[in-house]
Every structure is written in structure tokens, then in C-alpha cells.
Number of protein chains: 2
Amino acid sequence: MTKIKETSTNFENKKLLEDECLEVYASGIIGGQWTLAICCYLINGKLRFGELKKCMPTITERMLTLQLRKLEKNKIITRTVYAEVPPRVEYELTAIGYQLGTIIGELEDWGRKHKELMKP
Amino acid sequence: MTKIKETSTNFENKKLLEDECLEVYASGIIGGQWTLAICCYLINGKLRFGELKKCMPTITERMLTLQLRKLEKNKIITRTVYAEVPPRVEYELTAIGYQLGTIIGELEDWGRKHKELMKP
DNA sequence: TATGATACTATCAAAAAGGTAAGTAATGAC
DNA sequence: GTCATTACTTACCTTTTTGATAGTATCATA
């Protein structure tokens, strides 16, 4: 998750697919390794950087930052900085972010069924 | 998409997240670059390898094979080989595969809204 | 005998994603 | 003056995913 090379075949392919396939487009936005997890925690209300980190003890600060930036850029969350020391920054889902709730619920149900199916 | 290193931190992190978060688990299964697209085409009925390829002209045969194998391993699709020459292989969604229909629909709706929102 | 169709495999290289570790800025508490 | 706190940033490295290209098997047809 650094800069992407806008000349790669990979980049072209992604763009083409997302252009003609809204579900691929959507999954590209919420599809990062930690993205959905972050949204899950935020769906219960805003959280600070450090609180999110505590929710996901294995994420590195770098990754958390990158994911949050990406989510912010995609208008899934808002970022509010309070001019205090030490700094306080709060993250909250936007309207369209909260609308992921349904999808998250569906994924959860489907995931449960699927996991059950794969058990034996 | 070849063999994974089961000792990497990355692998550990994924496993942990998927263990405690069913939506992350689910998104891991349908989250590949071409996975959802394949499912979308299959949702209208079974297709042959070559037909899928025609649906997605930019996918390489290697990638298509890899994705189909992964989907098969995860019991999202079935693979039927007919003993003919030249060979004929058909892919079809399983029951749990077809149940992705709801999620795909939701993703589509959300994607449309989101795309609209990002326009200006 | 050569060609074509189909559904793959096998290598190798490139790109993207993720991890490690160290450093920064501001300020209040000690 | 040193330390702790918080939310990062930076540089570098490893792992994972994806792409490019060429090759395989089988038989029917030309």
C-alpha cells in the first residue's frame, strides 16, 4: 500500500473491471486487509487512533495510518483533529460509511454459513 | 497467488482477524482481484473456461485458472470435466455460491451510491 | 503430416501489499 | 532538563499477488 504505478497492466485491469462492475468497484474500496475490520469497530461510534489500535493489537501504526487515509480519501470516514497536546484525533464513519452496515451484516451471515460448511 | 508462507507475520495477522471477524473471513474468500467478477458471470448459469475468458478479455489464463481453483477449493463453484476432445470443462456456482447473490446486489447498490458521491 | 481447438501448467519477472524499526513534534508533569 | 504521551512519518525490506510468455495433451479435420 504505497504509490501505485498507473502504467501497469494490473492497474489498467483493475480500472476496467471496476468501471463495468459496480460490485468489483465496491469490493475494491472495502477490500484491504484491515479495512473492513476498522469499519466494524467504527460502526459502534467514533474512535481515536489509539483506541482503534487497541482493538487490533497486531496492526502496525503504519498500516493503520495508511488504511485510515485511504478510507478518508474514499469518504468512508471523517478525521477530526483536536488542537491539544498530546494530540487527539477522532475517526467516524460518514453517512455512506454507516451504510456499509447492511453489507457487513450480510457478509457476517454468509461467512458463518460458509465456515460451517467448510468444517468437515 | 501461489504458495503462502505460513510463518509470516502477514499470514498470522490474516488468520487472527478472520478468526474473530466473520465479515473479514468472508471478504477474504471473495476478495481476490477477479473473484467477484467471476461469480457475477456465473450467477446467470454455468459457463465454460473459454466463455469466462471471453467475459473478461483481460484476464490471463493463469489467473483465471488460479481463481477458479481457489473458488473450487472454497466450495463456491463446482468443476465438471467432460471426457471429450477438445476438452470441455464447466463451472457452476454451488448453493453457498449462489447465496452470494444478495451480497453482490448490496455491493452493487452501495457501489453505485458511492461512485455518485465521489463524482464531483 | 500439419493444424486447430480447448483447458490448462510451468517459469520468470514485476508490481502491490504488508511488516520492522526508528524518528518527529508539542507540551505538561516531574 | 528529562520523560511520557499521542499520532503519526520515513526508509527499507519481505511476502504475496499478478502478468508475460511459452509449452502440453488429445484427437478430429484438412
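Model, not experiment: these values are computed from the prediction. Lettering of chains follows the sequences in order, A, B, ..., and the numbering in each one begins at 1. Only heavy atoms go into these numbers, but all of them, side chains included; no hydrogens, no water, no symmetry mates.
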Heavy atom of residues 40-61 of chain B under 4.0 Å from DNA chain C: which residues? B:Arg48, B:Phe49, B:Gly50, B:Glu61
Just the rounded figure in Å: distance from P of C:dA10 to CE of B:Met63. 15 Å
Students often get this wrong, so: under 4.0 angstrom with heavy atoms, is A:Glu84 touching a base, only sugar-phosphate, or nothing? nothing
Taking the nucleotide of DNA chain C with the closest heavy atom to each, which residue, B:Leu68 or A:Glu6, is nearer the 5' end? B:Leu68
When you measure from the side chain of A:Arg79, which nucleotide among D:dC8, C:dG19, D:dT26 comes out closest? D:dC8
Within this structure, what is the CD-to-P distance between B:Glu72 and C:dA7, rounded to whole angstrom? 15 Å
Let me know the distance between CG of A:Leu64 and P of D:dC8, rounded to the nearest Å. 8 Å
Exam field: side chain A:His114 to backbone B:Asn74, donor-acceptor pair closer than 3.5 Å: yes
Does a nitrogen or oxygen in the side chain of B:Arg69 sit under 4.0 Å from OP1 or OP2 of C:dC8? yes
Derivation and outcome, salt bridge (Lys or Arg N to Asp or Glu O under 4.0 Å), residues B:Glu116 and B:Lys119: CA-CA 5 Å; B:Glu116 195 57 41; B:Lys119 246 181 192 168; 3.6 Å; yes
Backbone of B:Lys75 reached by a side-chain donor or acceptor of B:Thr94 within 3.5 Å: yes
Bend angle of the helix from C:dT1-D:dA30 to C:dC30-D:dG1 from five-pair axes at both ends, rounded to 10°? 30°
Would you call A:Tyr25 and B:Leu36 a side-chain contact if the rule is heavy atoms closer than 4.5 Å? no
Would A:Ile103 and A:Glu106 satisfy side-chain contact (heavy atoms from CB on, under 4.5 Å), going step by step from the backbone distance to the final call? CA-CA 5 Å; A:Ile103 293 172; A:Glu106 300 268 3; 5.6 Å; no
Can you work out whether A:Thr65 or A:Val85 has the more 5'-proximal nearest nucleotide on DNA chain D? A:Val85
For residues A:Cys39 and A:Ile104, determine if any side-chain heavy atom of one lies less than 4.5 Å from a side-chain heavy atom of the other. yes
Nucleotide C:dC8, atom P - distance to CZ of B:Arg88 in whole Å: 13 Å
Are B:Thr35 and B:Gln67 linked by a side-chain donor-acceptor pair shorter than 3.5 Å? yes
With side chains defined as the heavy atoms from C-beta onward, is the minimum distance between B:Tyr98 and B:Glu92 less than 4.5 Å? yes
Apply the test side-chain contact (heavy atoms from CB on, under 4.5 Å) to residues A:Arg62 and A:Leu66: give CA-CA distance (whole Å), side-chain angles for both, the deciding distance (0.1 Å), then the verdict. CA-CA 6 Å; A:Arg62 183 182 119 84; A:Leu66 284 174; 3.8 Å; yes
How far apart are the C-alpha atoms of B:Ile76 and B:Leu93, what are their side-chain angles, what is the distance that settles it, and do they pass the side-chain contact (heavy atoms from CB on, under 4.5 Å) test? CA-CA 6 Å; B:Ile76 311 296; B:Leu93 290 175; 4.2 Å; yes
Rounded distance (Å) that lies between atom P of D:dT18 and atom CG of B:Leu66: 9 Å
For the pair B:Trp34 (side chain) and B:Leu68 (backbone), establish whether a donor and an acceptor sit closer than 3.5 Å, ignoring hydrogens and angles. no
N or O in side chain of A:Gln33 less than 4.0 angstrom from C:dG18 OP1/OP2: yes
Counting only distance, no hydrogens or angles, is the base of D:dT18 paired donor-acceptor with the side chain of B:Arg62 under 3.5 Å? yes
Which whole-number value in Å describes the distance from A:Ile38 CD1 to C:dG18 P? 11 Å
May I ask you to say what A:Tyr82 touches in the nucleic acid, namely base, sugar-phosphate or nothing, with a heavy-atom cut-off under 4.0 Å? nothing
Return the residues of residues 8-32 of chain B meeting this criterion: a heavy atom under 4.0 Å from some atom of DNA chain C. Order them by number, or give none. B:Thr9, B:Asn10, B:Asn13
Residue pair B:Lys115 / A:Asp19, side-chain heavy-atom distance below 4.5 Å: yes
